[in-house]
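Here is the structure we will look at, set down as structure tokens.
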Amino acid sequence: MNSYVIETENLNLRYGQKMALDNLSLKICRGGVHAFIGANGAGKSSLFRLLLGFETPSGGSARILDQDCTALTPEVRARIGFVNEEHTLPAWMRVDEVTRMQRNQYAGWKQVRYEEVLRNFNVQPSQKVRELSRGERAGVSLALALGQNPELLVLDEPTLGLDMVAKRTLLESLMYSDEGQDSTIIYCSHQMEEIERIADHLVIIERGRLRHMSEPDELCSRVRMWAAEFPPEVDTGKLPGLLELQQIDGISHLLMLDSPAGFDAQLGGMGARNITSSPVSLGRAVSGMLATGHISREDQPLRSHHA
């Protein structure tokens with residue numbers, strides 16, 4: 001069995017003049033929850049559409065479950081579960097009718113798992129889909145995907161537009177289902193509190209390119225906030241590893257990646273006074289990586305030191 005569930009090499013996807021994916025090369029290992037993070041338009045949904053065979057690449061290659069994404073067979077598709085932000089279901093059907101239709105398509109259907117998730121959302125099998133709230137439809141979508149017993153589960157913004165209760169219920173249904181024990185989960189979200197709660201691995205995409213891959217704790221260990229007072233003539237904007245610079249009440253706040261040993265002494269040599277440093281949250285580290293204008297076309301992806 002291939003140790004990677006997703007592999008892309010120099011993958012390109014062009015819409016007119018826009019490069020949705022720009023020479024994207026990545027490998028996603030089996031197991032765990034891989035959180036895909038990026039600003040709107042970064043290319044995440046384009047990548048998922050291509051991986052699932054809904055788009056044809058403009059160049060490069062992509063494989064999912066060791067199969068070329070341009071030639072996915074019904075057998076391979078049956079091993080992949082997918083939940084998107086719309087939670088689109090046939091409105092005229094009852095929940096049990098949708099379930100029966102789904103169950104008949106998958107030989108490995110897990111009815112107990114399906115019912116366990118559905119109960120968390122207080123959905124009755126006799127209800128019409130059109131009668132369900134957005135949160136209830138999200139619950140049915142997740143239950144159907146988990147009942148399918150997929151080898152790979154792709155969740156593209158599954159909590160978008162849900163209220164706090166529905167969002168918590170969906171996340172807990174995902175975390176406490178036994179699905180997480182034998183499946184690889186791709187989780188795409190803009191909500192950092194969700195990422196911090198469930199992610200085992202981070203994949204940060206920017207402008208269709210791979211920006212960073214690592215475990216969450218590793219990224220946090222590499223990013224640190226420094227604060228100091230600098231003389232007016234000092235230009236701190238070109239410090240190597242600077243992710244973001246803010247001036248607040250005369251104090252320079254520098255969000256730094258991989259600060260070198262003795263960095264406080266280096267700042268002192270630049271005339272800095274009252275130097276302090278502090279760790280940052282995962283959300284702050286990610287937002288710094290994605291700060292507007294930080295990455296240039298020549299920048300190379302920042303990968304885990306242990307990759």
Side-chain angles (χ1 to χ4, degrees), residues 1-88 105-106 141-142 144-145 148 150-160 183-190 195 199-213 289-290 295 297 299-303 307:
M1 180 182 292
N2 193 325
S3 59
Y4 301 111
V5 292
I6 293 172
E7 298 175 85
T8 73
E9 184 173 357
N10 298 324
L11 186 62
N12 292 308
L13 182 61
R14 180 185 292 276
Y15 297 123
Q17 297 300 311
K18 177 180 173 58
M19 291 294 292
L21 299 175
D22 188 1
N23 289 312
L24 179 66
S25 295
L26 56 82
K27 293 182 177 181
I28 304 299
C29 294
R30 290 181 180 273
V33 179
H34 301 259
F36 276 63
I37 308 169
N40 289 329
K44 306 182 300 299
S45 292
S46 294
L47 173 62
F48 296 150
R49 287 197 298 271
L50 194 150
L51 290 171
L52 296 171
F54 303 143
E55 297 275 4
T56 301
S58 305
S61 63
R63 299 180 69 81
I64 188 167
L65 299 181
D66 206 26
Q67 299 293 315
D68 189 311
C69 292
T70 62
L72 297 181
T73 63
E75 290 75 19
V76 172
R77 291 183 184 278
R79 296 159 59 193
I80 305 169
F82 179 62
V83 177
N84 66 11
E85 63 189 64
E86 299 300 330
H87 306 295
T88 306
Q105 296 184 56
Y106 300 103
S141 295
L142 181 63
L144 291 171
Q148 178 186 331
E151 187 175 333
L152 174 64
L153 177 60
V154 179
L155 303 171
D156 188 8
E157 298 282 1
T159 64
L160 189 66
S183 179
T184 305
I185 298 174
I186 304 298
Y187 193 91
C188 176
S189 176
H190 289 92
I195 301 301
D200 300 306
H201 309 278
L202 300 177
V203 182
I204 301 177
I205 295 179
E206 188 174 36
R207 299 181 190 172
R209 304 176 70 190
L210 178 63
R211 180 73 173 109
H212 178 83
M213 289 181 67
M289 297 289 287
L290 296 176
I295 189 171
R297 304 305 289 181
D299 281 340
Q300 296 300 313
L302 295 168
R303 299 179 184 270

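Sequential numbering from 1 along the given sequence is applied to the chain's residues.
Taken from CD in Q67 to CD in E75, the straight-line distance is 9.5 Å, to the nearest 0.5 Å. In this structure, NE2 in H212 is found 12.5 Å from CD1 in I205, a value given to the nearest 0.5 Å. Atoms CD1 and CG, on I6 and D66 in that order, are 12.5 Å from each other to the nearest 0.5 Å. Atoms CZ and NZ, on R63 and K27 in that order, are 11.5 Å from each other to the nearest 0.5 Å. Separating the SG atom in C29 from the OH atom in Y4 is a distance of 5.0 Å, to the nearest 0.5 Å. Taking OG1 of T8 as the reference point, atom CD1 of I64 lies at 11.5 Å (rounded to 0.5 Å).
Contact annotation: the side chain of F36 never approaches that of L202 to less than 4.5 Å [non-hydrogen atoms, C-beta and beyond]. Under the 4.5 Å side-chain criterion, counting only non-hydrogen atoms from C-beta, L21 is not in contact with R14. Taking the side chain as every heavy atom from C-beta outward, I185 and V154 never approach each other to under 4.5 Å. Under the 4.5 Å side-chain criterion, counting only non-hydrogen atoms from C-beta, L65 is in contact with I80. The closest side-chain heavy-atom distance from L26 to M213 is below 4.5 Å.
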Tell me, with the steps shown, if L152 and I186 meet side chain to side chain contact (heavy atoms under 4.5 Å, CB included). CA-CA 8 Å; L152 174 64; I186 304 298; 3.8 Å; yes

Go through I195 and Y187 one step at a time and tell me if the side chain to side chain contact (heavy atoms under 4.5 Å, CB included) criterion holds. CA-CA 8 Å; I195 301 301; Y187 193 91; 4.2 Å; yes

Apply side-chain hydrogen bond (donor to acceptor under 3.5 Å, both in side chains) to N10 and S61, showing your working. CA-CA 7 Å; N10 298 324; S61 63; over 6 Å; no

Tell me, with the steps shown, if E55 and Y15 meet side-chain hydrogen bond (donor to acceptor under 3.5 Å, both in side chains). CA-CA 11 Å; E55 297 275 4; Y15 297 123; 3.1 Å; yes

Going through the distances and angles, do N23 and L11 end up as a side chain to side chain contact (heavy atoms under 4.5 Å, CB included)? CA-CA 5 Å; N23 289 312; L11 186 62; over 6 Å; no

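For F48 and F82, the gap between ring centers reaches or exceeds 6.0 Å.
Residues L51 and A62 share a closest heavy-atom pair of CD2-CB, 4.2 Å. Summarising the geometry of P158 relative to C188, their closest heavy-atom pair is CD-O, 3.7 Å, with the distance given to 0.1 Å. Scanning both residues, L290 and A39, for their nearest heavy atoms gives CD1-N, 4.2 Å. Closest approach of A145 to L153, counting heavy atoms only: CB-CD1, 3.8 Å.
In this structure, Q148 contributes its side chain and A78 its backbone to a donor-acceptor pair below 3.5 Å. At distances below 3.5 Å, not a single donor-acceptor pair connects side-chain atoms of H190 with backbone N or O atoms of I37. For S189 (side chain) and E157 (main-chain N/O), no donor-acceptor pair under 3.5 Å exists by modelled atom type. Side-chain atoms of H34 never come within 3.5 Å of backbone atoms of D200 as a donor-acceptor pair (strictly under, hydrogens ignored).
Partner of M19 under the side-chain contact (heavy atoms from CB on, under 4.5 Å) criterion, chosen from N12, L13, L24: N12.
The existence of a salt bridge linking R30 and E151 is confirmed by a sub-4.0 Å separation between a basic side-chain nitrogen and an acidic carboxylate oxygen.
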